[in-house]
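Numbering of ligands and ligand atoms starts at 1, following listing order.
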Amino acid sequence: MATTTMARASLALVLLLITAAVGAANCTTVAYNDRALVIDGQRRIVLSGSIHYPRSTPEMWPDLIKKAKEGGLDAIETYVFWNGHEPRPRQYNFAGNYDIVRFFKEIQNAGMYAILRIGPYICGEWNYGGLPAWLRDIPGMQFRMHNQPFEHEMETFTTLIVNKLKDANMFAGQGGPIILSQIENEYGNIMANLTDAQSASEYIHWCAAMANKQNVGVPWIMCQQDADVPPNVINTCNGFYCHDWFPKRTDIPKIWTENWTGWFKAWDKPDFHRSAQDIAFAVAMFFQKRGSLQNYYMYHGGTNFGRTAGGPYITTSYDYDAPLDEYGNIREPKYGHLKDLHAVLKSMEKILVHGDFSDINYGRNVTVTKYTLDGSSVCFISNQFDDRDANATIDGTTHVVPAWSVSVLPDCKAVAYNTAKIKAQTSVMVKKPNTVEQEPENLKWSWMPEHLKPFMTDEKGSFRKNELLEQITTSTDQSDYLWYRTSFEHKGEAKYKLSVNTTGHQIYAFVNGKLAGRQHSPNGAFIFQLESPVKLHDGKNYLSLLSATMGLKNYGALFELMPAGIVGGPVKLVDNNGSTIDLSNSSWSYKAGLAGEHRQIHLDKPGYKWHGDNGTIPINRAFTWYKATFQAPAGEEAVVADLMGLNKGVAWVNGNNLGRYWPSYVAAEMGGCHHCDYRGAFKAEGDGLKCLTGCNEPAQRFYHVPRVFLRAGEPNTVVLFEEAGGDPSRVGFHTVAVGPVCVEAAEKGDNVTLSCGQHKGRTISSVDLASYGVTRGQCGAYQGGCESKAAYEAFAEACVGKESCTVQHTDAFSGAGCQSGVLTVQATC
Ligand SMILES: *[C@@H]1O[C@H](CO)[C@@H](O)[C@H](O)[C@H]1NC(C)=O
Ligand SMILES: *[C@@H]1O[C@H](CO)[C@@H](O)[C@H](O)[C@H]1NC(C)=O
Ligand SMILES: *[C@@H]1O[C@H](CO)[C@@H](O)[C@H](O)[C@H]1NC(C)=O
Ligand SMILES: *[C@@H]1O[C@H](CO)[C@@H](O)[C@H](O)[C@H]1NC(C)=O
Ligand SMILES: *[C@@H]1O[C@H](CO)[C@@H](O)[C@H](O)[C@H]1NC(C)=O
Ligand SMILES: *[C@@H]1O[C@H](CO)[C@@H](O)[C@H](O)[C@H]1NC(C)=O
Ligand SMILES: *[C@@H]1O[C@H](CO)[C@@H](O)[C@H](O)[C@H]1NC(C)=O
Ligand SMILES: *[C@@H]1O[C@H](CO)[C@@H](O)[C@H](O)[C@H]1NC(C)=O
Ligand SMILES: *[C@@H]1O[C@H](CO)[C@@H](O)[C@H](O)[C@H]1NC(C)=O
Ligand SMILES: CC(=O)N[C@H]1CO[C@H](CO)[C@@H](O)[C@@H]1O
């Protein structure tokens with residue numbers, strides 16, 4: 001065993017040397033010191049952004065990566081998604097949106113660096129944190145602890161991924177883009193919660209040793225590993241702010257692997273928004289305080305296509321309020337405001353990573369930092385007060401720094417950038433109707449019932465057991481659904497209350513073939529009890545329980561032990577007089593998956609019997625399949641399905657899974673719903689929430705249909721599995737396009753740019769307003785006041801009919817008596 005491994009290791013080393021020699025001219029060395037990564041001998045500031053390859057399509061990758069590069073990023077970072085790549089033991093999937101080598105090649109083609117976060121535990125709001133459910137079946141398996149079964153599987157998968165990328169010459173030393181790799185993920189967050197501290201410590205040291213044995217030629221990082229850091233790894237920071245964090249080792253640079261650009265969305269939650277001002281503030285502070293590499297989590301969030309992708313109770317949209325929206329469109333002003341910051345930071349790179357530095361504190365919340373190299377200086381002034389502007393003096397000049405902002409002075413004289421002053425335009429994205437056909441009127445639906453009859457008795461299961469089994473293990477997570485069925489004798493007719501204790505996530509109860517009750521767990525709780533009145537008849541009675549999961553838990557100490565389904569129950573019938581029939585230990589018959597899943601109805605194969613030729617379809621009927629054909633909207637703009645009217649289920653277009661839908665779920669009204677102030681620390685939980693939108697609205701109404709799923713000029717098929725009973729007659733397809741665009745705080749001398757530029761050919765149709773007196777409204781609905789005729793005419797002249805235009809804000813614009821000096825312009829694309 002040992003000799004084979006050694007032989008393979010040295011062979012790999014030889015191959016590595018050969019490839020390195022072949023690509024010698026292009027091979028990149030990556031080292032580090034206390035200030036920065038040292039790439040090809042140069043200390044570098046690295047700006048990176050996360051794009052998860054399975055959350056978009058390969059056809060979208062080049063455009064996403066190009067936009068990231070144009071946004072001023074140097075690197076793309078991604079996790080690796082184990083359960084997507086190895087859905088069953090040793091059966092691998094590297095096709096389509098799991099083609100990891102193609103993704104890294106696209107990064108290389110764009111001339112960018114890459115950061116490989118293997119994990120393979122990844123959290124990521126991803127089903128089971130990326131770990132395959134089949135690991136549970138391996139005897140002796142203990143997740144993320146020091147034990148042979150887990151370490152064997154983790155090493156096997158890690159080695160497979162590393163070798164795949166080595167074979168494609170993807171590591172920097174081979175001429176490829178990968179400059180850093182990560183092992184494990186946020187283990188430091190759970191270490192203290194694990195009872196076997198010794199095993200946890202041995203495990204994390206084993207991870208580092210195993211990773212270093214892989215010989216990838218680039219440094220390994222571990223995020224959130226502040227205690228017990230193994231040697232030979234760089235520990236890094238995750239969070240909304242990382243300026244006050246410093247690594248314990250003094251010979252490694254300060255790296256921020258996850259700077260959260262927004263937050264993910266759960267079915268019961270409104271949309272979180274982290275303002276452009278606040279992210280820019282966090283990034284500027286990080287680099288003020290010796291930061292060297294920072295990564296936006298996420299730069300593009302994307303979509304959870306299919307059940308493997310979806311995390312627990314997480315919506316199908318993983319938009320994340322990122323600089324690129326779910327569909328890959330540029331989100332303004334976030335994208336542009338950060339792009340402007342990147343350009344300023346890059347202009348100061350050399351001094352930041354080599355210069356001597358000093359921090360001068362004006363009290364605790366105001367700090368001037370000066371970096372000096374060879375007589376040149378760059379300065380930052382940060383103001384952490386959330387309620388007041390501050391003055392700071394550098395070399396005799398006083399600068400006013402607005403509350404909760406950082407000013408950047410690349411020459412220590414003039415402010416080139418302030419994080420609170422947004423010069424980039426705001427773009428409002430709008431949904432446009434499909435111009436190819438008038439929907440939803442023209443969609444002709446047909447339908448098919450889910451075949452429930454075989455499951456209304458307890459015959460013909462896969463197997464029987466005299467206990468209520470755990471769902472993840474029983475179904476090996478190959479389907480969301482598991483049937484539990486039993487029968488029992490009863491004398492005479494009677495009314496009972498059925499009560500079922502389950503660990504989630506949704507349950508449907510049928511008694512003698514009739515739906516008797518259904519319920520789902522509140523977000524984050526998992527455990528709940530179904531109670532519903534039922535009627536028994538004389539003789540044999542049947543009870544069928546259908547349990548449905550909605551993405552498995554992905555985070556927390558021992559998250560993997562959280563069961564799903566009716567594990568242990570109890571399942572009981574109680575009558576008015578308190579007498580109880582306990583069915584928990586009855587003979588239960590099991591069947592994973594739905595009949596329609598086994599028949600692959602979503603593929604709409606010939607020979608399936610669809611009903612509805614006469615133009616009527618049932619509505620609000622649970623467990624119903626629906627189908628319609630439609631023409632794809634013209635053009636290149638992103639397409640979404642509006643699933644309003646539906647209840648809960650799964651949608652496919654031309655056989656491609658769009659993910660779980662649940663538009664009937666209305667987002668909660670929460671503390672942060674009706675106010676938004678970028679000043680003060682952003683939070684995603686607890687008190688102090690702000691800037692939430694979509695409160696009291698369907699958590700997710702629109703579902704992304706990537707263009708590659710569609711066929712132009714021929715009929716496309718949409719198939720729905722409606723689990724809870726809905727009305728498809730309102731379903732339609734729309735495009736997402738730039739509507740109003742605005743510039744909101746143009747100062748004298750600024751060059752104001754307006755652009756419709758998501759897709760070629762889209763031009764500005766009108767200039768709606770140029771005003772010094774805007775006090776109310778938002779882009780698209782500004783209430784004017786103090787209009788400037790001169791400004792209006794200048795913009796109308798330069799912009800109408802153009803994809804983009806730039807106008808310099810001059811003294812000639814200002815209307816008499818308008819004191820603000822700040823110009824707002826609104827146009828429509
Ligand atoms: C090295 O880079 C050049 C230009 O960037 C490219 O044409 C060439 O194919 C690369 N060689 C290898 C071995 O990757
Ligand atoms: C710094 O600013 C924060 C936010 O405004 C405030 O809560 C805190 O008291 C300030 N610290 C000092 C030392 O004034
Ligand atoms: C900053 O300086 C200006 C001009 O000197 C002064 O009017 C203002 O009060 C100062 N603000 C603070 C917060 O000290
Ligand atoms: C079943 O659920 C109910 C309601 O949550 C709870 O009171 C009861 O303790 C649970 N029973 C068991 C055995 O867990
Ligand atoms: C660790 O345990 C504490 C106390 O029970 C809990 O509040 C925290 O959420 C746990 N952290 C994780 C990551 O499980
Ligand atoms: C329950 O009690 C009621 C009277 O309180 C009686 O009429 C009924 O027959 C009882 N049911 C059973 C199942 O014992
Ligand atoms: C079901 O079986 C378990 C395990 O044998 C036992 O602990 C439990 O008491 C039984 N429950 C009932 C209602 O018989
Ligand atoms: C259409 O056919 C279904 C049976 O497939 C029937 O129930 C329904 O009444 C028919 N509707 C009309 C308008 O004929
Ligand atoms: C705006 O554009 C003009 C003309 O291109 C240029 O001279 C000026 O420096 C620019 N102003 C700013 C603030 O970039
Ligand atoms: C998981 C994690 O890193 N959480 C941190 C995110 O950032 C906030 C604010 O800095 C911290 O409080 C969390 O612990």
- Evaluate whether the separation between SG of Cys237 and SG of Cys223 stays below 2.5 angstrom.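 Answer is no, sulfur atoms not closer than 2.5 Å.
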
Charged N to carboxylate O below 4.0 Å: is that the case for [X] and [Y]?
X	Y	result
Lys289	Asp359	no
Asp319	Arg331	yes
Asp411	Lys413	no
Arg249	Asp34	no

- Write down, by chain and number, every protein residue that brings a non-hydrogen atom to less than 4.0 Å from an atom of ligand 2. Arg364, Asn365, Gln384, Phe385, Asp386

- Item | Check: Asp389 N/O within less than 3.5 Å of ligand 3 N/O | no

- Please determine if Asn751 has a nitrogen or oxygen closer than 3.5 Å to a nitrogen or oxygen of ligand 9. yes

- Query: With a 4.5 Å heavy-atom cut-off, do Val283 and Tyr296 have their side chains touching?
  - Reply: yes

- Item | Chi angles and distances behind the side chain to side chain contact (heavy atoms under 4.5 Å, CB included) call for Arg44, Lys346 | CA-CA 9 Å; Arg44 297 295 305 277; Lys346 276 302 167 107; 3.7 Å; yes

